[in-house]
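Just below is one structure, and these are the notes that go with it.
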Amino acid sequence: MQEKIIDDKILEHMTLENVFKIINDNIFPLLNEKEKDFCRELQEFCIELHPKIDKNQDVYVLFPELGKRGYMQRINLWRDFMPYGMKSEILLATHLSCLDSQLELARLASGILCGNPTFQHGETDEILKVQDELMEGSKIGCIGITEPNRGSDAVNMTSTCRKSDDGSHVIYNAEKVFTTNGPKADYFATYAVYNQANPRGTMVQAMVSRDFKGQLITNRLKIPYVDRVHIAHTIMNEVEIPVNYILGDNGKGYTNLFDGLVPERLGIMGSGLGICWATLAYAIIYTNLRQQFGQNIINFQGVGFSLGDLLARTSSATALAFQAATSYDDNILFAEHPSKEAEKWIAGVSSQGKYLVSKLSADLTYTVQQQMGGISVTDNTDVQELSSTSYIEEVIGGARNIQLLIIQNALRRYSKLILS
Ligand SMILES: Cc1cc2nc3c(=O)[nH]c(=O)nc-3n(C[C@H](O)[C@H](O)[C@H](O)COP(=O)(O)OP(=O)(O)OC[C@H]3O[C@@H](n4cnc5c(N)ncnc54)[C@H](O)[C@@H]3O)c2cc1C
């Protein structure tokens, strides 16, 4: 804290422990005993780590702490860390956002966006080694989809690749932007196409190591909202990728990209929910203790009603995220025969949920700052950092309009249903 102006009598109650008490009161009724135990384990970890976090340092120094507990991701089983699955991942993301929303953003990029493909498509010893290093938090990962001139229109990418004459390598020439973790990353889950005219049929997904032969440049972009996370302009010139690091060749990269978007978006819902719950809980604590005109400010309807509205919206969004995650676990991840119907529903609802939660977190943090007053824009509470991170979460994983475009496409298909 650069300069403290918050009243000590309030500050002593603005603790993560109290944040979790409020969250538990609201979400425990939606969880089973195993899930509640996992929340308690996460809360113990967060409460212990919170005072040790130095906000003057990048988030990456904390990755090994997450790795030790198997917290780089929880969708997939890694070593014997239990529980796992999408519901566990949502709970992990929610708690880590409360702990440190910027750490959570970087963790999601390394553990899920880069790590998940190693579980879904990684069969070689080389990829399993990458997986271990990412999960331990000893190495940092990122994903390279977006290009300078291909943002929302990610499929029609211009980054190209070719096979070496002896077939032992794929050679990338790629330019990517907004690569979260890029400047610090050891591994880049990156997409390129053999033929720009046929991206769907020729897209490749590869795990690129910074150590590979060729030129790999990562220049940091200045993004003040998340100043402890490094985000890159990434350039690959003639980078030679051994075939054992190819996750999806010759068009398989395209299906992998789209399959990956669903867990990514569900995961971002977890991060967004953490921002909502932490911000709301800090606001509830503060407005119950801060007095103006001789009263706790929560007693003024202008403040209390507004927080009530935000609680109703956050509870609804949480129920949706939990339901979508449970359906993903039951019908896809743990199902012997994954249900096509569920896959379709979840693909749609992951966009609906990502749209809803990331917009809610931005609206909520803004509104809370109006209700808490000046203190919430200083570094005396975590609210400003939560607010800044929420703006970024609306853009990553596909901007707001792209989620709406996907939802609109689904609505347009109803014409067939109506007319049949
Ligand atoms: C901080 C940050 C971190 C990121 N991290 C990563 C990362 O790690 N890896 C990665 O690959 N990418 C990452 N991204 C990129 C992110 O996914 C893109 O920013 C996003 O897909 C939008 O692309 P764009 O910014 O080029 O916007 P554009 O595609 O140029 O879109 C500009 C505007 O037009 C709208 N628009 C575009 N097409 C349509 C349409 N058909 N209908 C309606 N509206 C439309 C968009 O919604 C947007 O508002 C990150 C972005 C940011 C800001």
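We're numbering straight along the sequence, starting at 1.
In summary, the side chains of Asp249 and Tyr194 do present a donor paired with an acceptor at a separation below 3.5 Å, with no hydrogens or angles considered. The closest side-chain donor-acceptor pair between Lys21 and Asn18 falls under 3.5 angstrom. Looking at Asp58 and His230, their side chains do bring a donor and an acceptor atom within 3.5 Å of each other. Residues Asn156 and Asp153 have side chains that bring a donor and an acceptor to within less than 3.5 angstrom of each other. Side-chain atoms of Thr158 and Glu147 include a donor-acceptor pair closer than 3.5 Å. Between the side chains of Asn256 and Gln205, at least one donor N or O sits under 3.5 Å from an acceptor N or O. Under the 3.5 Å distance criterion, with hydrogens and angles disregarded, a donor-acceptor pair is assigned to the side chains of Arg210 and Thr218. Of the N and O atoms on the side chains of Gln73 and Glu89, not one donor lies less than 3.5 Å from an acceptor on the other residue. With 3.5 Å as the limit, one finds a donor-acceptor pair spanning the side chains of Ser327 and Asn331. Inspection of the Ser339 and Trp345 side chains reveals no N or O donor paired with an N or O acceptor under 3.5 Å. Checked by atom type, the side-chain pair Thr234/Thr179 shows a donor-acceptor distance below 3.5 Å. Judged by distance alone, the side chains of Gln384 and Gln369 do bring a donor and an acceptor atom under 3.5 Å apart. In summary, the side chains of Asn76 and Gln131 do not present any donor paired with an acceptor at a separation below 3.5 Å, with no hydrogens or angles considered. With no hydrogens or angles considered, a side-chain donor-acceptor pair links Ser351 and Gln403 at under 3.5 Å. Gln102 and Thr389 are not linked by any side-chain donor-acceptor pair at a separation below 3.5 angstrom, with hydrogens and angles left out of the test. Side chains of Glu133 and Ser138: a donor-acceptor N/O pair is absent below 3.5 angstrom, by distance only.
Atom OG in Ser387 sits 12.0 Å away from atom CG in Asp382 (nearest 0.5 Å). For the atom pair CG of Leu261 and CD1 of Ile145, the computed distance is 6.0 Å after rounding to the nearest 0.5 Å. In this structure, the separation between NZ on Lys68 and CD on Glu136 is 12.0 Å, given to the nearest 0.5 Å.
Taking the centre of each ring, Tyr191 and Tyr172 stay at or above the 6.0 Å mark. Centroid-to-centroid, the aromatic rings of Tyr254 and Phe258 come within less than 6.0 Å. Ring to ring, His95 and Tyr71 are not that close: their centroids are 6.0 angstrom or more apart.
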Walk me through it: do Phe212 and Tyr187 pass the test ring-ring contact (aromatic ring centres under 6.0 Å, His included)? CA-CA 10 Å; Phe212 289 161; Tyr187 295 115; 8.1 Å; no

Would you please test Asn181 and Phe188 for side chain to side chain contact (heavy atoms under 4.5 Å, CB included) and show each step? CA-CA 9 Å; Asn181 298 344; Phe188 301 70; over 6 Å; no

Checking Arg107 against Val59 for the side chain to side chain contact (heavy atoms under 4.5 Å, CB included) test, could you report, in this order, the C-alpha distance in whole Å, the side-chain angles of both residues, the deciding distance, and whether it holds? CA-CA 9 Å; Arg107 191 277 315 176; Val59 296; over 6 Å; no

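For the pair Glu48 and Lys52, the minimum side-chain heavy-atom distance is below 4.5 Å. Looking at Leu42 and Phe20, their side chains never come closer than 4.5 Å, going by heavy atoms from C-beta outward.
With hydrogens and angles disregarded, a donor-acceptor distance shorter than 3.5 Å links the side chain of Ser358 to the backbone of Lys354. Remark: side-chain polar atoms of Thr314 are paired, donor with acceptor, to backbone N or O of Leu310 under 3.5 angstrom.
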